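Step one of this worksheet: look at the structure below.
Note that this is a predicted model, so its numbers are computed, not measured. The figures that follow rest on heavy atoms only: side chains count, while hydrogens, waters and symmetry mates do not.
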Amino acid sequence: MRILKLLSITFSCAAAWSAHAENISARSDIGPPQFSDQTAAAGITYHNIFGGEEKMYILESHGSGAAFFDHDSDGDLDLYITNGATFTTYRNRSGPGNALYRNKGDGTFADITGDAGVGDAGWSGGVAVGDIDNDGHQELYATNYGANVLYRNKGDGTFADITSEAGIGGDQYSASAAFFDYDHDGDLDLYVANYVVFDAEHLPAKPALCSFYGGLQVYCGPKGLLGAPDALYRNEGDGRFSDVTQIAGIAAANRYYGLGVVPVDYDDDGDTDLFVANDETPNVLWQNQDDGTFTDIALIAGVAYNGDGDTEAGMGVDFGDYDNDGDPDIYVTHFFTETNTLYRNENGRRFSDVTTTAGLAAATVDLLGWGTRFFDYDNDGRLDLFVANGHVYPQVEQAATGSTYGQSNQLFRNLDHRRFDLVDIGLTDHKVSRGTASGDYDNDGDIDLFVVELNDAPTLLRNDGGNTANWLVVQVIGSDDNRDGAGTRIRLQIAGQSQSRTVNGAASYLSHNDLRVHFGLGESEKVAQVEIIWPNGSVDIVEQVPANKLLVVRQNTTNAILELGSNPF
């Protein structure tokens, strides 16, 4: 264990070290949440195309995602958005293509897709981000219907398609993906959740339809369709990946309908496990056996089904320590007439369905959830919850189903580490939302959200009030471990209280989130201790860290306190 000395770059915090600020508590002066739609003002002109408006086939409904990441290492978050196609443009490779927006640092973005070379014109769904070669530049992986695409970041603002050389193209109907280091060899491996077997090349002259509520005729599936097998790829460290799906044991659950995936060391044993949210089939919790293999323990852990033993339609997923007891809890979004589900981690042994007692049942049962994020929107030290909603059937409004196609998104405030309360975010648009990414794109100390809307313009939600309370952002840079620091656990100690987070960008639905770790501090003006537990088990400790700064922790080297938005590299 090392006690780290801090290199202070902009160190003007004498007042921030006052003794009276030791106590973190909920601020009494925090008003209602304030988010504003900044999409047009930020210069984002992307428009989602994902099948036709009528949605006659299952491929047309599941939407796209987005990624907040710093593609040019300048200290602010850029934005990559995947896009779909129609059946005609898919066959012709003439779809709208994915988009990369460079953050200009003034609240606006510039579309640099063409210059960067990342405008894949296939039928994209999800995106994963990771520095697969530990060179300091993060790669992009777009999941598609059909072959996926891996773009190597060349470090000069451009990317190169290295899918073939890397061997991770696949040929499935892919959904969410996650980069993580499952074998602790210091480089990032890749898990890809695949959905169903679907043939877009040979569509029937007339689509086969199934009955929904009120006799509505809608597309069939996923039940009745074959599940597409998920895949695990091991990074060989030389630009190539090996398909280890079979030898790692992942194939044991490969006929489920995979949609959401999140890496998480749920049992605090030092290796990274995986939770996969499956649609209309049991969820999977892959326990890492630390020998290159995984075992599905979702049933005995209590997360394969909900607390009533029912299979649910898992869409998006995130983990976070909402009750501040030191272990990660899991939240999964579901279909209309099913509540979303909050699973509380019981000391790494099993999980309990606490959805109802947490106040999250009644508010979600009539909606259909997708992207979701644990994040502290008001910086009070407690993780809140965001859920993006939208139905899959446009026809739902033609009958008395009790639902609508476009739906309101939801923000739940964490009241006391046990219960949540639905709060109004002040937006009246009801869109058909899908993937959601989170990150502080304007570097003002509170977390913003980006939501991809099906067949519509997206929504950039700027948080306009969270930074009235104090905060700390921690960025880790690995050397012995992967450079992204994925899987690193961070614990804060503030006046006898603690918060814990894990460095991970892969969560929500089809999306990637800022790898910088954000902590709300309430009224506290300093953090007594920051503990960094690296994936290899080594521990660094930083003491007496002032609030409202960026703490950059480099494995086995000097560290720094910077202004948020400074170049940490």
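The closest donor-acceptor contact from the side chain of Asn134 to the backbone of Arg483 lies under 3.5 Å. Asn288 contributes no side-chain N or O that, together with a main-chain N or O of Phe294, makes up a donor-acceptor pair within less than 3.5 Å. The backbone N or O of Val284 lies less than 3.5 Å from no partner atom in the side chain of Asp296, so there is not a single donor-acceptor pair. With hydrogens and angles ignored, the 3.5 Å screen pairs no side-chain donor or acceptor of Asp161 with any backbone N or O of Val149. No side-chain donor-acceptor contact under 3.5 Å links Asp230 to the backbone of Asn254. Side-chain atoms of Asp189 come within 3.5 Å of backbone atoms of Tyr182 as a donor-acceptor pair (strictly under, hydrogens ignored).
A side chain to side chain donor-acceptor pair (under 3.5 Å) with Arg516 is found for exactly one of Asp440, Asn443, Asp70, namely Asn443.
Judged as a salt bridge (charged side-chain N to carboxylate O under 4.0 Å, His left out), the pairs with a partner in residues 257-274 (not counting sequence neighbours) are, in order, Asp265-Arg489, Asp268-Arg489, Asp268-Arg491. Applying the salt bridge (charged side-chain N to carboxylate O under 4.0 Å, His left out) rule to pairs touching residues 117-142 yields Arg93-Asp120, sequence neighbours excluded. Pairs of residues two or more places apart, or lying in two chains, that qualify as ring-ring contact (aromatic ring centres under 6.0 Å, His included) and include a residue from residues 114-148 are Phe50-Trp123, Phe87-Trp123, Tyr90-Tyr145, Tyr145-Tyr173. The disulfide (SG to SG under 2.5 Å) contacts involving residues 220-278 comprise Cys210-Cys220, where partners must be two or more places apart or lie in separate chains.
Between Phe275 and Tyr343, the two ring planes are tilted [angle within 30° to 60°].
For Phe351, the ring-ring contact (aromatic ring centres under 6.0 Å, His included) test picks out Tyr266, with sequence neighbours left out. Remark: Phe109 engages Tyr441 in a ring-ring contact (aromatic ring centres under 6.0 Å, His included) (not counting sequence neighbours).
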*asked:* For Tyr151 and Asn153: C-alpha separation, side-chain torsions, deciding distance, then whether side chain to side chain donor-acceptor pair (under 3.5 Å) applies.
replied: CA-CA 6 Å; Tyr151 292 108; Asn153 190 331; over 6 Å; no

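The heavy-atom pair separating Thr143 from Ala177 by the smallest distance is CG2-CB, 3.7 Å.
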